[in-house]
Amino acid sequence: MSIAVVQETLTIEHRVLVPPGISGTVTAVSPEGEYRVEDTIAVVSGEQGETRLSLFHRWPVRKGRPYRSKALPNSLLITGQRVIDTLFPIAKGGSVAVPGGFGTGKTILQHALAKWCDAQVIIFIGCGERGNEMTDVLTEFPRIVDPRTGRPLMERTIMIANTSNMPVAAREASIYTGITMAEYYRDMGYHVAVMADSTSRWAEALRELSGRMEELPADEGFPSYLPTRLAEFYERAGMVETLGGREGSVSVIGSVSPPGGDFSEPVTQHSRRFVRGLWVLDRQLANARHYPAVSWLESYSEYVEDLGQWWESKGFPEWKSLRGEIMGLLQQENRLQQVVKLVGPDVLPDSQRIVLETCALFKNAFLQQDSFSPVDMFCPLEKQVKMLKLILLFHERGRRAIQKGATLVAVRGLTICRELMRMRQTVKNDEIEKLDRMAAELDRSMNELEARYERR
Amino acid sequence: MRKEYLTVENIVGPLMLVQEVSGVSFAEIAEIILPDGGIRHGQVLEINEDKALVQVFEGTSGLTPGEVRVKFLGKGLQLGLSRDIVGRMFNGFGRVIDGGPPIIPEKYSDVNGVPINPEARDYPNEFIQTGISTIDVLNTLVRGQKLPIFSGSGLPHSRLAAQIARQAKVLKTGEQFAVVFAAMGITFEEAQFFMNEFEKTGALERAVLFINLANDPPIERIAVPRMALTAAEYLAYELGMHILVILTDMTNYCEALREISAARKEVPSRRGYPGYLYTDLSMIYERAGRIKGKSGSITQMPILTMPEDDKTHPIPDLTGYITEGQILLSRMLHNEGIYPPVDVLPSLSRLKDKGIGKGKTREDHAGVMNQLYAAYAKGKAAKEIAVVLGESALTPLDIMYVKFSEQFEKEFIGQGEGENRDIIASLTIGWKLLGMLPATELKRVKQEFIDEYYPSKQL
């Protein structure tokens with residue numbers, strides 16, 4: 001229950017909560033006005049006697065805050081990142097782990113999510129990471145304008161800074177501090193997203209403390225209770241009905257930094273057991289400067305099934321089938337690439353090379369996203385779906401043209417194809433209808449091409 | 001008068017257990033007085049009831065329990081600082097070893113430093129021109145960054161570091177760096193190389209050197225980077241100088257850490273390194289940066305040799321997780337005679353995006369960088385196919401890429417040791433090489449820059 005509201009920032013209304021476990025009748029209420037945080041603003045008398053309520057209350061961070069009931073996550077957490085929203089979506093109240101070796105772009109991805117995801121409150125836990133990255137957020141976020149509210153992003157962001165050279169005991173606690181804050185805002189009825197960067201550093205802090213206490217080590221020196229602790233953390237995510245009857249959610253995105261990029265290490269392995277989505281960052285993609293380097297072959301999201309209806313309700317009923325189609329093509333491309341590695345691309349017939357061509361287009365024009373370009377850094381759902389449709393249309397028409405005798409070189413040579421390559425940069429978010437024109441142009445060029453070959 | 005304890009119970013490796021002590025604090029420095037009047041130093045590592053475990057910096061050989069006296073000094077490891085440290089040479093314990101007079105300190109600072117609150121930091125975004133194309137264009141270094149060189153034994157990392165120390169400057173101001181140089185467990189010759197280099201270029205007068213050679217006690221090695229960074233922090237944040245810290249070789253430092261950890265009977269983590277290796281390294285690397293309201297800065301360039309050139313070895317791996325990128329040297333390029341043999345694809349500078357572009361370098365910088373990367377990666381991939389199937393299996397476009405990547409290695413990566421290319425010269429070479437590819441292939445560069453810089457075929 002909330003008893004008062006305070007405008008915390010222009011974006012966030014702080015709803016002052018009655019601490020869980022307190023019940024009874026309100027016997028006194030202070031009038032509206034300005035108060036200090038410790039001032040008593042209401043008195044409740046009930047079974048536990050008389051309780052004075054102030055603007056804050058304390059909560060042990062290691063204990064999850066209670067709620068009335070948990071629901072299954074069924075609405076998308078919009079991130080504006082194409083590879084995530086379209087291919088591997090996360091639901092509000094969901095949990096995802098992001099494993100990746102150093103230099104694969106974990107932090108950039110976390111920052112992009114913190115900037116653009118449509119949660120109302122963002123808790124960013126910098127857990128044992130670089131000091132300059134924290135500074136980056138601190139200097140950049142006040143300047144970036146939240147597209148939904150028109151206010152600086154910092155007004156909805158809480159940062160917990162524990163840089164790598166700060167005490168390990170604090171690092172161990174920082175994760176809990178963050179998730180407790182998230183639950184607190186959830187109880188006010190907000191959708192909260194927690195970014196933990198990185199859970200590996202937290203696990204290492206656990207290991208270090210455990211070592212100092214001379215406990216028996218399990219895998220790689222980590223304490224045997226590591227999986228239990230990880231589970232406790234990720235399970236605090238969820239879509240709930242709060243004690244006050246509101247709807248709120250906590251979504252958790254935890255990055256994992258496996259030593260040597262080796263995903264068989266304990267933190268990655270155990271995290272996988274407790275999350276429903278995995279965005280694997282691939283070293284090879286990062287080396288080729290394909291960002292975000294989310295591997296389309298190894299990543300997965302179990303939320304795809306739950307979210308089909310949500311997309312439908314937003315006017316994109318085709319999303320799930322489009323996604324299935326492109327995933328199928330990517331699988332096919334992977335097999336073909338193995339052949340190409342052995343014998344070269346020349347031996348493949350054009351009907352198969354068009355698959356390679358489509359996937360190359362998809363990777364360049366769709367999967368890659370420039371988090372520093374003002375046009376490309378956030379991609380609305382409508383643009384995502386239209387871009388994907390356009391790419392699949394290219395595939396369909398290209399395949400047909402080749403069947404009718406056109407060569408791949410001719411298909412590739414069309415001016416419209418070059419435009420498709422650049423569409424993520426050239427089509428601004430407020431001129432999405434340009435994509436419709438491009439689709440019409442693609443149809444027209446292909447018709448022309450087909451006609452040319454049919455005449456022969 | 002401080003108490004002197006005669007109660008040394010036993011000595012194991014570099015560690016000494018002193019009994020019946022009182023009033024001793026953690027990490028306090030102790031003096032160990034030998035029967036012949038000689039003095040060694042140690043630090044308290046552990047206190048258990050009335051027992052203190054002391055780690056002896058100069059080694060414990062020749063010490064006999066019952067004969068040595070131990071005096072606790074009531075303070076942690078400190079370094080005496082003054083303006084005069086510039087141009088001087090110290091050992092790992094902070095003593096002058098160049099034969100000159102001792103330093104008269106203006107202040108003493110704890111060598112462990114304190115973590116900087118991210119709020120107090122200023123974000124590094126000033127481009128540093130090193131005069132090396134692969135760094136300036138592809139892996140831009142900025143002031144306040146920590147950018148390590150991952151190398152292997154036998155590769156020219158020392159020459160590269162010396163070249164950077166010699167050429168580094170900030171574009172507009174033309175300010176040079178003062179250098180703090182910390183040598184950890186390197187050979188006499190390697191240390192001598194750096195000293196000669198600094199002397200030749202006159203950098204020695206602007207350098208502070210901390211030298212711990214391969215045959216010096218490993219325990220002392222642990223203190224070297226901390227001493228060096230304490231000196232750097234003093235020069236940068238109190239005297240407002242721009243400092244380039246070169247730490248070589250971090251692998252030796254970590255080996256020393258492992259040695260001591262084993263002596264302390266700690267539970268080992270990967271490959272016998274202590275579980276706190278990450279934390280320990282971060283306490284060194286994080287001491288780089290800029291602070292709001294202070295004019296000075298600390299830029300760090302640690303060098304480490306990867307055992308067996310293995311990037312997944314704990315030392316390079318954990319380093320990579322802390323530092324803001326890495327410059328990787330390639331044995332293959334070195335064997336082909338290309339200097340500096342920077343392995344472009346896995347190298348990375350995380351802070352580059354904030355330090356390049358219009359007003360800092362040139363507006364087309366980001367596009368050129370991404371395009372060179374992509375084209376080189378494509379060329380290398382095509383080359384691999386050619387190795388298996390012969391060049392005939394390649395499409396004409398692929399052959400263009402292969403030629404590009406070969407030329408790229410020769411002209412762009414390769415440059416002379418004395419060659420100081422400015423950023424415009426490096427970008428020009430980049431465009432010249434991109435000219436080998438059709439303009440339609442340049443998907444990562446904006447059209448307007450292609451129109452302006454793409455070399456036309458007539459040239």
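Excluded from the calculations below are hydrogen atoms, water molecules and symmetry mates; all remaining heavy atoms, backbone and side chain alike, are included. Numbered from 1 within each chain, the chains take letters A, B, ... in sequence-line order.
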Under 4.5 Å from a heavy atom of chain A, the part of B/Tyr278 involved: side chain

Donor + acceptor pair across side chains of A/Arg207, B/Ser269 (<3.5 Å): yes

Heavy-atom proximity to chain B below 4.5 Å, by part of A/Met166: both

B/Phe408 and B/Tyr376 aromatic ring geometry - parallel, tilted or perpendicular at 30°/60° bounds: tilted

Leading residue by heavy atom contact count with chain B [cutoff under 4.5 Å; candidates A/Leu138, A/Asp136, A/Val137]: A/Asp136

Atom group of B/Lys380 that falls short of 4.5 Å from chain A, counting heavy atoms: neither

Among B/Ala120, B/Pro346, B/Pro274, residue most engaged with chain A (heavy-atom pairs, under 4.5 Å): B/Pro346

Short side-chain to backbone donor-acceptor contact, B/Gln300 and B/Val245, under 3.5 Å: no

Pairs of heavy atoms under 4.5 Å with chain A: top-ranked of B/Thr395, B/Val267, B/Ile322: B/Ile322

Donor-acceptor contact below 3.5 Å, side chain B/Thr279 vs main chain A/Asn165: no

Step-by-step salt bridge (charged side-chain N to carboxylate O under 4.0 Å, His left out) determination, B/Arg271 to B/Asp310: CA-CA 13 Å; B/Arg271 302 233 189 158; B/Asp310 175 12; 3.6 Å; yes

Structural part of B/Lys354 lying under 4.5 Å from a heavy atom of chain A: side chain

Main-chain N/O of B/Leu257 paired with B/Ser261 side-chain donor or acceptor, under 3.5 Å: no

Among the listed options B/Ile284, B/Ile116, B/Val114, B/Thr323, the residue most often paired with chain A at heavy-atom distances under 4.5 Å: B/Thr323

A/Asn364 side chain vs A/Ala360 backbone, donor-acceptor pair below 3.5 Å: yes

B/Arg350 portion near chain A, given a 4.5 angstrom heavy-atom threshold: side chain

Crowding at CZ, A/Arg422 (>12 non-hydrogen neighbours, <6.0 Å): yes

Chain B contacts, top residue of A/Gly211, A/Ser164, A/Gly101, A/Pro167 (heavy-atom pairs, under 4.5 Å): A/Ser164

Partner chain B: residue of A/Gly131, A/Gly221, A/Ala205, A/Pro217 with the largest heavy-atom pair count (under 4.5 Å): A/Gly131

Chain A contact via B/Asp122 - side chain, backbone, both or neither, heavy atoms under 4.5 Å: backbone

Polar side-chain atom of B/Arg143 near backbone of B/Thr299 as donor-acceptor pair, under 3.5 Å: no

Toward chain B, the part of A/Ser257 with a non-hydrogen atom under 4.5 Å: both

More than 12 heavy atoms from other groups under 6.0 Å of NZ on B/Lys360: yes

Contacting region of B/Tyr373 [heavy-atom separation from chain A under 4.5 Å]: side chain

Residue selection (most heavy-atom pairs with chain A, distance under 4.5 Å) from B/Leu348, B/Val344, B/Asp353, B/Leu281: B/Asp353

Greatest number of heavy atom pairs closer than 4.5 Å to chain B - which of A/Arg212, A/Met159, A/Gln425: A/Arg212

Top of B/Gly320, B/Ala377, B/Ala386 for chain A proximity - count of heavy-atom pairs under 4.5 angstrom: B/Gly320

Under 4.5 Å from a heavy atom of chain B, the part of A/Glu220 involved: both

Aromatic contact, B/Phe150 with B/His313 (centres under 6.0 Å): no

Part of B/Pro316 lying under 4.5 Å from any heavy atom of chain A: backbone

Side chain, backbone, both or neither of B/Leu345 within contact of chain A (heavy atoms, under 4.5 Å): both

Pair A/Thr139, B/Arg121: side-chain N/O donor-acceptor within cut-off below 3.5 Å: no

Test item: A/Ser255 side-chain N/O and A/Val98 main-chain N/O as donor-acceptor pair under 3.5 Å: no

Side chain / backbone / both / neither for A/Leu342 at chain B, heavy atoms under 4.5 Å: backbone

Atom NZ of A/Lys341: over 12 foreign heavy atoms under 6.0 Å: no

Chain B contact via A/Arg289 - side chain, backbone, both or neither, heavy atoms under 4.5 Å: both

Interchain contact, A/Glu214 with chain B, by part (heavy-atom threshold 4.5 Å): neither

Any donor-acceptor N/O pair, B/Glu324 side chain to B/Lys146 backbone, under 3.5 Å: yes

Proximity breakdown for B/Arg444 and chain A, heavy-atom pairs closer than 4.5 Å: side chain

When A/Glu129, A/Arg201, A/Glu140, A/Met421 are compared by non-hydrogen pairs under 4.5 Å with chain B, the top option: A/Arg201

Best-contacting candidate, B/Lys443, B/Met283, B/Glu286, against chain A by heavy atom pairs under 4.5 angstrom: B/Glu286

Portion of A/Arg130 that has a non-hydrogen atom of chain B nearer than 4.5 angstrom: both

A/Phe362 and A/Phe366 aromatic ring geometry - parallel, tilted or perpendicular at 30°/60° bounds: parallel

